[in-house]
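Input: a single structure, listed below in structure tokens.
Sequence lines set the chain letters: A, B, ... in the order given, protein chains first and strands last, and positions in each chain run from 1.
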Amino acid sequence: DGGITQSPKYLFRKEGQNVTLSCEQNLNHDAMYWYRQDPGQGLRLIYYSQIVNDFQKGDIAEGYSVSREKKESFPLTVTSAQKNPTAFYLCASSLTPGQVPYEQYFGPGTRLTVT
Amino acid sequence: QKEVEQNSGPLSVPEGAIASLNCTYSDRGSQSFFWYRQYSGKSPELIMSIYSNGDKEDGRFTAQLNKASQYVSLLIRDSQPSDSATYLCAVEASGGSYIPTFGRGTSLIVHP
């Protein structure tokens, strides 16, 4: 049963703590992405990776870090430098961008609350 | 900055009617376009993708693309209350990255 899993579903942290969000996919997709969604807002790209051991900053990368050591896994760390970390975080994957069909599929998301 | 514009709504239609959702985009070189449905508190779910001008139908859903006018739309026929959700338009970037830009979404309410 192929898909994308994210854990945990809900995460609560104190301000000043780093936190790592997990994303795993078994769709054999090359590309993986992290988005952030705030209430009433569209999806904003944080980081993306098109191949293992390589990743690129998106529009709002400040205060976040990622790694891509395995094709299946793309964890996101929200650092204490991120000023407003409370949000809904979505992980997605796709075939290599530029290949058709090129469609992103999303995991269930992690809702992070920092107080 | 590539832009994707959607009317935030809410768009309210009666059950059984046709719901028409619209999206305009600024990147003239974009080739791929996507519609996602997002229920409240859930992640986006891909409904349709469209790559060439014209209409593409899948069940009750029809995507329409007009590249000259930089306009893509989604029609939902025989709307059901279960269609009530936010619909996100995504447009692939041209110029090599192919990373899609998402609109803010249109909220659709189908009332019985």
Sort A/Gln50 into side chain, backbone, both or neither according to what part of it lies under 4.5 angstrom from a heavy atom of chain B.
-> side chain
Considering only heavy atoms and a distance below 4.5 Å, find which of A/Arg44, A/Gln56, A/Gln41 pairs most often with chain B.
-> A/Gln41
Should the heavy atoms of other residues, nucleotides or ligands under 6.0 Å from CD of A/Glu62 be counted, would the total exceed 12?
-> no
Answer yes if B/Phe61 and B/Tyr36 sit in the same cluster of Ile, Leu, Val, Met, Phe, Trp and Tyr residues linked by side chain heavy atoms under 4.5 Å apart, and no otherwise.
-> no
Can you measure from OH (A/Tyr35) to CZ (B/Phe102) and round to the nearest 0.5 angstrom?
-> 4.5 Å
Honestly curious: do B/Leu21 and B/Val91 fall in one hydrophobic cluster under the side-chain, below-4.5 Å linking rule?
-> yes
Single-linkage hydrophobic cluster B/Val110~B/Tyr39, side-chain heavy atoms < 4.5 angstrom | no
Is it the side chain or the backbone of B/Gln38 that comes within 4.5 Å of chain A heavy atoms, both, or neither?
-> side chain
Examine whether an atom of A/Arg111 lies under 4.5 Å from a heavy atom of chain B, and if so say whether it belongs to the side chain, the backbone or both; otherwise answer neither.
-> side chain
Just how far is it from atom CE of B/Met48 to atom CD of A/Glu103, taken to the nearest 0.5 Å?
-> 10.5 Å
Do side-chain atoms of B/Ser43 reach the backbone of A/Gly107 as a donor and acceptor pair under 3.5 angstrom?
-> yes
Report yes or no: do A/Tyr105 and B/Tyr51 belong to one cluster of Ile/Leu/Val/Met/Phe/Trp/Tyr joined by side chain heavy-atom distances under 4.5 Å?
-> yes
hydrophobic_cluster_shared for A/Leu90 and A/Val19, side chain cutoff 4.5 Å | no
Rounded to the nearest 0.5 Å, what's the gap from CD1 on B/Ile99 to OH on A/Tyr33? Could you check?
-> 4.5 Å
About how many Å separate CD of A/Gln104 and CD of B/Glu92, when rounded to the nearest 0.5 Å?
-> 10.0 Å
